[in-house]
**Q** 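Next up is a structure, given as structure tokens.
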2 protein chains.
Amino acid sequence: MASEFDLIQQYFTKPSHHTNLSVGDDAALISVSQGMELAIATDMLVAGTHFFHDAAPYDIGWKALAVNVSDMAAMGAQPKWATLALALPEVNEAWLSEFSRGFFTCAEQFNVDLIGGDTTRGPLNISVTILGEVPKNQALKRDGAQAEDDIWVSGNIGSAAAGLAHLQGKIKLENDALEASIHALHRPMPRISLGLALRGSANSAIDISDGLAADLGHILKASNVGADIFIKHIPHSPALSANNDARFQACILGGGDDYELCFTAPRAAREKIETLSGTLNLPLARIGNTCTALGLRVYDAENKLVQLQAKGYDHFA
Amino acid sequence: MASEFDLIQQYFTKPSHHTNLSVGDDAALISVSQGMELAIATDMLVAGTHFFHDAAPYDIGWKALAVNVSDMAAMGAQPKWATLALALPEVNEAWLSEFSRGFFTCAEQFNVDLIGGDTTRGPLNISVTILGEVPKNQALKRDGAQAEDDIWVSGNIGSAAAGLAHLQGKIKLENDALEASIHALHRPMPRISLGLALRGSANSAIDISDGLAADLGHILKASNVGADIFIKHIPHSPALSANNDARFQACILGGGDDYELCFTAPRAAREKIETLSGTLNLPLARIGNTCTALGLRVYDAENKLVQLQAKGYDHFA
């Protein structure tokens, strides 16, 4: 059987692009560019909690890095380096090869060097730490929203949740709607170009991992403002409108796993952001606005207040 | 039941000392000091693999950070920041409180800020990423050993392995020997002061996590040199000499989990290192020397060549 050192050599050692000392010593060494802050985030994915035990290893590898890259997008940071800690129940070379391929496809797409980590025996668990650079005092934080900011989201909201609901047998999707929803669930696309472009324009940002209501709620709490948002303005896949209202609301507001960005920006930035949508070929929708009255109010198609039920994903709720 | 966000707030949010933005956003923000490289390492601890399921949570918390701090020591880096990803099978507040106490006791001792991480549900798994600073081009690496270097180790070697062997019922320790061995196993003490002091003196360094023979072997391979070491010069606890030769050899050469430093230095540094031992009040023993003949040769008390059996810990061997 392959040893731990063989595994690291074979599946996790690739040429690095901006690293002084990479995989193979007690620690990696990097230099942070002058004038830059270093942004650091860690996300752990567990079999049975974040993905099905029989999920495709390519998708697990992609998603394990992508959800971390997404945290860089939410900060307006350029991802550059990552470490990977991997607990495996056994050495399954076919699984590892596919996992590695998914991980490095994402790494190459976002120019991230894998600089170190750990492999060990245990129930399948993947913990990634990502590091990126952002010019000093330009990071997009959660606490910068001002009252009367526009609230924006990128892409379609709720697609990943619809895909998950289908796999759980709660709803039935077909054809294009099925394919798009499963793709959104398994291959989230971090919005790095958007995050970088929003530096200096957005007042606050977050990536939608726990659900729109919960994640926007984090911004509102950190910024000490409230918000009104309108479901009719929230872009979503056709798959969702075809289902009933409760499911629609649950996926859109509480679904999570979208890894789209939710951000607030002053009205003065409206035109710039609309132009950006075209430049990036990425839908950016204005779904409401912040205000001084605390709390989040959501309005339905008839502009009636929705009773919020979905609270976002909490692993211990 | 406490939510994920409550848990983070209650157990993992402490004032930070050298962090621009800490726990609570999509990423933390830090500034690396001018002229410094950033050293980064990740170690994952899994219940049943790295510690017994009923191990004291204080010890698990201490050790999870300490083994990462030890990687900074091995690089000659000053640890400053850490992230913690934690998978828990359930919310057990008594366990979490003790785990947090052990983790932060270590963090405070080494002036490490916990700047972020993740909590999720799953089989108990702790993944820590540590970040530290080292002046450019001064890191202690594995590939710097020169032929005719002295080979040094700090502290006692094999104590943690003796403690583990006792807990596994393979040997029986008593009284002081038992206490010292269990302490070495559960509360490893990272050799940060030593690592910092060795900058500019040592040619190479590693921390002993997989066993002396295996870890010294990593230095030899990376540096393309060989070595002769002498068991009679390797400091060890009295508990080990009281046992038979095979066990003694297994613990000393292959035991791992010591988190002492093994390093090589030119003969010209000998006096400086002996002085350092007194300054740090830490035994530093010269156990042999490197040479151009590749491979590791170990000699017993009669200077006869030992057949190496213990190969160091490999999670998948």
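Throughout, a chain's letter reflects where its sequence line sits, starting with A, and its residues are numbered from 1.
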**Q** With a 4.5 angstrom heavy-atom cut-off, is it the side chain or the backbone of A/Ala205 that approaches chain B, or both, or neither?
**A** backbone
**Q** With side-chain contact (heavy atoms from CB on, under 4.5 Å) as the test, pick out the partner of A/Thr120 among B/Thr49, B/Asn125, B/Asp43.
**A** B/Thr49
**Q** Among A/Val134, A/Asp71, A/Asn20, which residue has the highest count of heavy-atom pairs closer than 4.5 Å to chain B?
**A** A/Asp71
**Q** Which bit of B/Leu131 comes within less than 4.5 Å of chain A, counting heavy atoms only: side chain, backbone, both or neither?
**A** side chain
**Q** Find the one option among B/Ser127, B/Ala28, B/Ala85, B/Ala41 whose heavy-atom pairs under 4.5 Å with chain A are most numerous.
**A** B/Ala28
**Q** I need the B/His50 NE2 to A/Arg121 CZ distance, nearest 0.5 Å.
**A** 11.5 Å
**Q** For the atom pair CG (B/Leu86) and CE (A/Met44), what is the distance rounded to the nearest 0.5 Å?
**A** 7.0 Å
**Q** Please report the interatomic distance CG(B/Leu38) to CG(A/Leu29), rounded to the nearest 0.5 Å.
**A** 8.5 Å
**Q** Taking only Lys NZ, Arg NE, NH1 and NH2, and the carboxylate oxygens of Asp or Glu, determine whether A/Lys141 and B/Asp25 approach each other closer than 4.0 Å.
**A** no
**Q** For B/Ala77, is it the side chain, the backbone, both, or neither that has a heavy atom closer than 4.5 Å to a heavy atom of chain A?
**A** neither
**Q** Would you mind checking which part of B/Leu21 comes under 4.5 Å of any heavy atom in chain A, side chain (CB onward), backbone (N, CA, C, O), both or neither?
**A** side chain
**Q** Which answer fits B/Ile30, side chain, backbone, both or neither, if we ask what part of it has an atom under 4.5 Å from a heavy atom of chain A?
**A** both
**Q** Which of these passes side-chain contact (heavy atoms from CB on, under 4.5 Å) with A/Thr42: B/Val128, B/Thr83, B/Leu84?
**A** B/Thr83
**Q** So, taking the atom named CD1 in A/Ile40 and the one named OG1 in B/Thr129, what distance separates them when rounded to the nearest 0.5 Å?
**A** 9.5 Å
